[in-house]
A.B. asks: 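Attaching a single structure in structure tokens format; questions to follow.
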There are 2 protein chains.
Amino acid sequence: MPEHPTFDILTATCPSRTSLARIANKWTAMVVIALSSGRLRFRDLRTTVDGISPKVLTDTLRDLERDGIVTRHVYAEVPPRVEYELTALGRTLHAPLQALGIWAEEHITEVLAARESYDAHT
Amino acid sequence: MPEHPTFDILTATCPSRTSLARIANKWTAMVVIALSSGRLRFRDLRTTVDGISPKVLTDTLRDLERDGIVTRHVYAEVPPRVEYELTALGRTLHAPLQALGIWAEEHITEVLAARESYDAHT
DNA sequence: CTGGATCCTAACCGATACTG
DNA sequence: CAGTATCGGTTAGGATCCAG
């Protein structure tokens, strides 16, 4: 048995693809990174993940909650307070997603240079 | 100086976000994983990344080429032969993306269970 | 404060057919 | 074979307003 059997996520019918589609997403990455430091309320997530619209944040959080990556804590207060937190499962996702974020930051210069050179060739 | 300065990819104006948007993408992940074993021609990529349409594959490859992640090798033959290969930069991206693919496969059971439980609560 | 309700645009993406 | 061209459906995502 191969230590990693020809990666069946490359197979169209593999259910893991539905999960990959969710996690391989820029908003997911940023939200998970933002939550890695701990529980945050909706408002704080909005400011931490700069530029995210309330709608997109709500949608993203709901999808992450559905996939068991995030938990929603509602406090019966006025004004309402809702906090979001990574689950145990979500915490296992942090490293891979942060690696992606770090890659983007570390290589942005090369990427921008590549784009410029590519566009010049038009 | 912080070892990791409050992750400025969370800032809306950070250019790294444009790169993150590209790499945090399911097709990118699958194509990079497929190319990690070596140079592949268009046709072989199509069959390796099962279910990808020629249009999406073309678009994805063009974007990756533009970002300096993939190189395109054209052979002046009949019938034409075109091969794609990860650049040095692209190879540094393989580990993070494969980690994401592995995560999706390893945790798909938990994810599916979470979805079922979430949907039941409706 | 949370986030639902709308509306609307852009983008993604799938299918198919066709050319060099 | 390697695409491009086209079309159209679906979804992502931004803006705005409003309710509990």
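We name chains A, B, ... by the order of the sequence lines, and we start the count at 1 in each one. Atoms considered below: every heavy atom in the structure, side chains included; atoms not considered: hydrogens, waters and symmetry mates.
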A.B. asks: Taking only side-chain N and O atoms of B:Arg43, does any of them lie within less than 4.0 angstrom of OP1 or OP2 on D:dA2?
C.D. replies: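 Answer no for this pair, as no side-chain N or O of B:Arg43 is under 4.0 Å from OP1 or OP2.
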
A.B. asks: Take the C1' atoms of the five end pairs on each side of the helix from C:dC1-D:dG20 to C:dG20-D:dC1, derive the two axes, and give their angle rounded to 10 degrees.
C.D. replies: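 One end's axis against the other's: 50°.
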
A.B. asks: Holding to side chain to side chain contact (heavy atoms under 4.5 Å, CB included), I want the full list of residues that pass it with B:Ala12, two or more places apart in sequence or in another chain.
C.D. replies: A:Asp50, B:Arg17

A.B. asks: Quick one: side chain to side chain contact (heavy atoms under 4.5 Å, CB included) partners of B:Val74, sequence neighbours excluded?
C.D. replies: B:Arg72, B:Val82

A.B. asks: Can you sort out the partners of A:Glu116 under salt bridge (charged side-chain N to carboxylate O under 4.0 Å, His left out), two or more places apart, ordered by chain and number?
C.D. replies: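 In terms of salt bridge (charged side-chain N to carboxylate O under 4.0 Å, His left out), with neighbours along the sequence ignored, A:Glu116 is linked to no residue.
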
A.B. asks: What are the residues of residues 14-26 of chain A, sorted by number, that bring a heavy atom to within less than 4.0 Å of DNA chain D?
C.D. replies: none

A.B. asks: By a strict heavy-atom criterion of less than 4.0 Å, which residues belonging to residues 63-81 of chain B are in contact with DNA chain D?
C.D. replies: B:Arg72, B:Pro79, B:Pro80

A.B. asks: Kindly write out the residues that satisfy side chain to side chain donor-acceptor pair (under 3.5 Å) with B:Asp59, not counting sequence neighbours, or none if the list is empty.
C.D. replies: B:Lys55

A.B. asks: Going by side chain to side chain contact (heavy atoms under 4.5 Å, CB included), name the residues that satisfy it together with A:Thr71, two or more places apart in sequence or in a different chain.
C.D. replies: A:His73, A:Thr87

A.B. asks: Name all residues meeting the side chain to side chain donor-acceptor pair (under 3.5 Å) criterion together with A:Arg115; count only those two or more places apart in sequence or in a different chain, and write none if there are none.
C.D. replies: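 B:Thr18, B:Asp67.
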
A.B. asks: Can you name the side chain to side chain contact (heavy atoms under 4.5 Å, CB included) partners of A:Thr48, sequence neighbours left out?
C.D. replies: A:Ala34, A:Leu40, B:Leu10

A.B. asks: For residues 90-121 of chain A, which residue pairs pass the ring-ring contact (aromatic ring centres under 6.0 Å, His included) check, not counting sequence neighbours?
C.D. replies: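 Applying ring-ring contact (aromatic ring centres under 6.0 Å, His included) to every pair that reaches into residues 90-121 of chain A, excluding sequence neighbours, yields A:Trp103-A:His107.
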
A.B. asks: Which is true for A:Arg62 with a 4.0 Å heavy-atom rule: it touches a base, it touches only sugar-phosphate, or it touches nothing?
C.D. replies: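 Sugar-phosphate: the residue A:Arg62, judged by heavy atoms under 4.0 Å, touches backbone atoms but no base.
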
A.B. asks: Looking at residues at least two apart in the chain, or sitting in another chain, which of them share a side chain to side chain donor-acceptor pair (under 3.5 Å) with B:Arg81?
C.D. replies: B:Glu77, B:Glu83

A.B. asks: With sugar-phosphate meaning primed atoms plus P, OP1 and OP2, does B:Thr58 contact a base, only sugar-phosphate, or nothing at under 4.0 Å between heavy atoms?
C.D. replies: base

